[in-house]
Amino acid sequence: MDEKGWEQEQERLALVTEKLQERITEIEPEVAGLRDQATDLRRRFWEEVTVNTGSDEDFEETFHSIKQQEALLSERERSHRLRMQQWQGMKRLLPSPYFGRIDYQEDGLKDIEQIYIGVSSFVDKDGMSFLVYDWRTPIASIYYDYSPGAAAYDTPGGSVAGTMTLKRQYQIREGSLLNVFDTSLTIGDELLQQVLGKGADSQMKSIVATIQREQNAIIRDDRSRMLIVQGAAGSGKTSAALQRVAYLLYKHRDRLRADQIVLFSPNPMFNSYVSTVLPELGEENMQQTTFQEYLEHWLGSAYRLEDPFDQIEFVLTGHESEGYEARLKGIEYKASTAFLQALQRYAQWLGHEGMRFNGFCFQERELISAEQMASRFYSYDPSTRVSNRVALLQEWLLDQLSVLERQEREALWVQEEMNYLDNEQYAAVFRELHQERGVFDFAEQYEVAREFILGKSRRDESDFDYADREEQLLRRMIVKERFQPLRQQVKRLAFIDMAGLYAQLFGNADEYRRMTDGAEAPELWPEICRQTKEQMNRRALNYEDATPYLYLKELVEGVRSSSEVRHVFIDEGQDYSMFQYEFLKKLFPRARMTVLGDFGQAIYTQATELDGGGESPLVHLYGESETTLYRLVCSYRSTREIVKFTKALLPGGREIVPFDRGGEKPRLIKAENAEQRAAAIASDLSSLQAEGFYSIAVIARTAAQSSEAYEQLIAQGCPSLRLITKETPTFGKGAMVIPAYLAKGVEFDAVLIYDASSTTYHRESERKLFYTACTRAMHRLQLYATGEWTPFLQEADASLYEADE
């Protein structure tokens with residue numbers, strides 16, 4: 001750019017900055033004033049309302065007065081909220097008002113429009129001239145999708161074609177213009193190089209200034225019911241998904257709220273890691289949870305649930321355990337579509353036989369037996385669904401309890417309990433008695449109540465038989481209180497023996513086949529059955545049993561669906577089973593689903609293929625016509641040297657394309673023993689921190705190995721080191737020791753693989769875990785071993801790394 005062009009850009013930036021500052025100064029008092037008005041209205045709400053219910057007309061006038069005051073308060077709060085959003089948007093723009101510009105000439109028009117793009121819109125005082133366009137506006141999509149030349153963008157009224165004559169990128173910091181790039185690419189290498197060259201942060205940042213064309217397609221896809229993103233490690237899957245949430249909230253702001261979007265993330269620490277992205281863009285955070293938290297919500301009060309991290313610890317360390325192979329077969333089968341279909345057929349079979357119920361006992365006798373419930377259940381029309389018959393049975397049980405409750409009032413135990421009632425219970429009966437007689441003077445109420453409690457209650461035999469009525473009310477009160485838990489059990493559907501229904505599946509293979517209309521049991525079925533029932537007898541469920549158990553529960557009791565949720569995002573989607581996807585589809589029947597993952601990082605036994613050459617089972621969840629699959633093959637996180645090294649660890653890794661950002665080759669460091677290895681790691685930690693790398697992870701294979709590494713490194717003088725476990729709530733900067741499966745989705749300036757020997761990583765099933773650990777590194781990757789290197793490294797081309805033997 002010549003000097004004149006640079007001066008014009010500086011003048012334009014100064015003008016926009018000045019206008020932003022002016023508007024912020026103007027709006028600030030208005031924002032404060034509206035807030036004070038809303039607060040004052042809220043405080044004086046009832047002072048402004050005349051309450052009079054003496055007549056129908058008075059009551060109606062009171063009602064309208066309340067509604068008028070409520071509308072006024074609502075209007076003030078809405079005005080304050082809108083003004084606050086404008087003010088916050090301008091404050092966000094002030095340090096860097098825009099990051100891009102396109103010059104665009106619409107077909108059929110003479111004028112070329114200069115369009116500056118930033119994180120939110122900024123309109124001049126006339127209300128018509130856009131000084132900055134929000135990156136989510138339709139016209140801004142040209143910036144991400146086209147090079148200079150013919151271009152078009154979609155609007156609600158149709159496609160608008162034209163010509164882009166200029167594409168420019170800016171680096172602006174604290175209101176100062178640092179760099180300007182004219183580019184023919186979606187995002188110029190210079191800007192992306194600088195962004196990627198920075199250190200890792202404790203929280204994910206917005207990427208709106210560096211969105212790539214393929215990411216933009218994911219962000220703006222508004223048609224697919226199921227959107228699958230299969231992306232290489234570091235390809236920006238999660239970042240694109242979060243920008244997609246911001247885009248959806250912007251485009252559909254009149255009918256979509258943040259609380260109608262749910263993100264299922266891999267662990268609670270990851271929730272903290274991504275929690276700032278949407279607020280950076282001026283949007284509220286969506287609901288964030290983990291699948292485990294959902295299971296705990298519905299089953300945690302009845303069972304002790306294993307989590308996926310304990311499951312993978314067992315898979316990685318339990319090879320010598322009794323029944324290990326059977327457990328693996330069970331994990332695989334219980335996550336399969338075959339088991340889901342077997343459960344569906346089992347629910348149909350229960351419509352004819354096999355339902356199990358819990359009888360109700362009271363005062364050490366059976367009130368309603370399980371046999372009575374079964375007889376009633378199977379008396380309903382066999383064509384009626386099981387869940388509907390359960391609802392009919394629930395109504396019948398409540399009616400039966402009402403009849404039994406009335407009968408129970410004459411029982412001897414009720415008379416005995418009457419002798420031990422306290423004054424408060426007597427007073428409750430007194431109030432009910434006198435409500436029947438009519439309202440009288442408060443002083444009289446007080447005096448009569450006192451006499452009543454003292455046993456001197458006045459009685460008017462000609463008007464009311466107090467003695468008999470008092471006793472009736474007391475009996476009713478006592479029995480009702482004792483029957484209340486039974487009613488609550490019926491309302492909670494506790495009369496269904498869900499544990500018995502699930503355990504009933506795990507008998508011999510012939511019985512299983514009969515109950516599931518021919519489903520074939522997997523290998524080692526007897527041992528799978530023994531393990532399952534043994535856990536259930538301890539009031540515990542393995543992770544692989546929790547979803548099937550809850551699914552069967554909903555087939556029997558009815559689905560607890562959430563029709564409010566409109567979008568479901570699933571990160572690390574390869575770690576979910578098809579069983580879990582089917583369950584989520586039932587749970588959120590009106591939602592669109594976005595699944596992000598990398599089958600190269602599928603470290604769990606129940607993993608689902610996301611791509612599979614177009615044969616992913618996920619495609620069939622909503623059907624091919626409503627499903628779109630995106631593949632992201634460019635890896636941006638790591639340097640070119642690290643990506644070349646890590647992609648060689650995977651079969652099929654040739655498809656992964658490194659972004660052209662250079663750095664050092666990964667280093668392989670051999671040690672004589674564990675103590676020497678710990679000393680080498682401690683020394684390298686210190687050197688890396690001295691170089692300015694503040695986010696460093698020592699990654700171990702398991703939680704047990706992480707604890708071992710942590711103790712050894714602390715002994716070597718690393719006092720600031722943190723040990724990350726599944727209970728760690730937030731992600732932060734600094735040096736840490738972390739298991740590989742907890743590091744998924746997170747990135748670090750430098751990664752040190754604690755033990756890359758053949759004793760730690762030698763099974764083929766651990767290849768993807770090893771790959772996952774190595775791909776967390778942005779700038780440096782170092783691997784340590786005592787003894788032989790893992791076979792995955794022995795297979796790699798020696799030119800891809802530096803070896804310190």
Side-chain ion pair, Lys644 and Asp797, N-O less than 4.0 Å: no

Cation-pi check, Lys768 onto Phe599 ring (under 6.0 Å, within 45° of axis): yes

Donor + acceptor pair across side chains of Gln601, Glu572 (<3.5 Å): no

Distance-only side-chain donor-acceptor flag, Arg677 / Tyr754, under 3.5 Å: yes

Any donor-acceptor N or O pair under 3.5 Å, side chains Gln782, Asp684: yes

Distance-only side-chain donor-acceptor flag, Tyr346 / Gln504, under 3.5 Å: yes

Donor-acceptor side-chain pairing of Thr238 and Asp571 below 3.5 angstrom: yes

Parallel, tilted or perpendicular: ring planes of Tyr549 versus Tyr502, cut at 30 and 60 degrees: perpendicular

Chi angles and distances behind the side chain to side chain contact (heavy atoms under 4.5 Å, CB included) call for Tyr771, Asp598: CA-CA 11 Å; Tyr771 168 79; Asp598 175 17; 3.9 Å; yes

Exercise: do Thr289 and Glu293 side chains pair donor with acceptor under 3.5 Å: yes

Closest approach of Ile496 to Glu557 (non-hydrogen atoms, all atoms of both residues): CD1-CG, 3.7 Å

Arg763 and His319: side chain donor to acceptor below 3.5 Å: yes

Lys/Arg N to Asp/Glu carboxylate O, Glu534 vs Arg538, below 4.0 Å: yes

Centroid-centroid under 6.0 Å between Phe314 and Tyr324 rings: yes

Row check, Tyr622 ring normal vs Lys585 NZ/CZ: under 6.0 Å, within 45°: yes

Ring centroid separation Phe506 to Tyr512 under 6.0 Å: no

Side-chain donor-acceptor contact under 3.5 Å, Thr594 with Arg244: yes

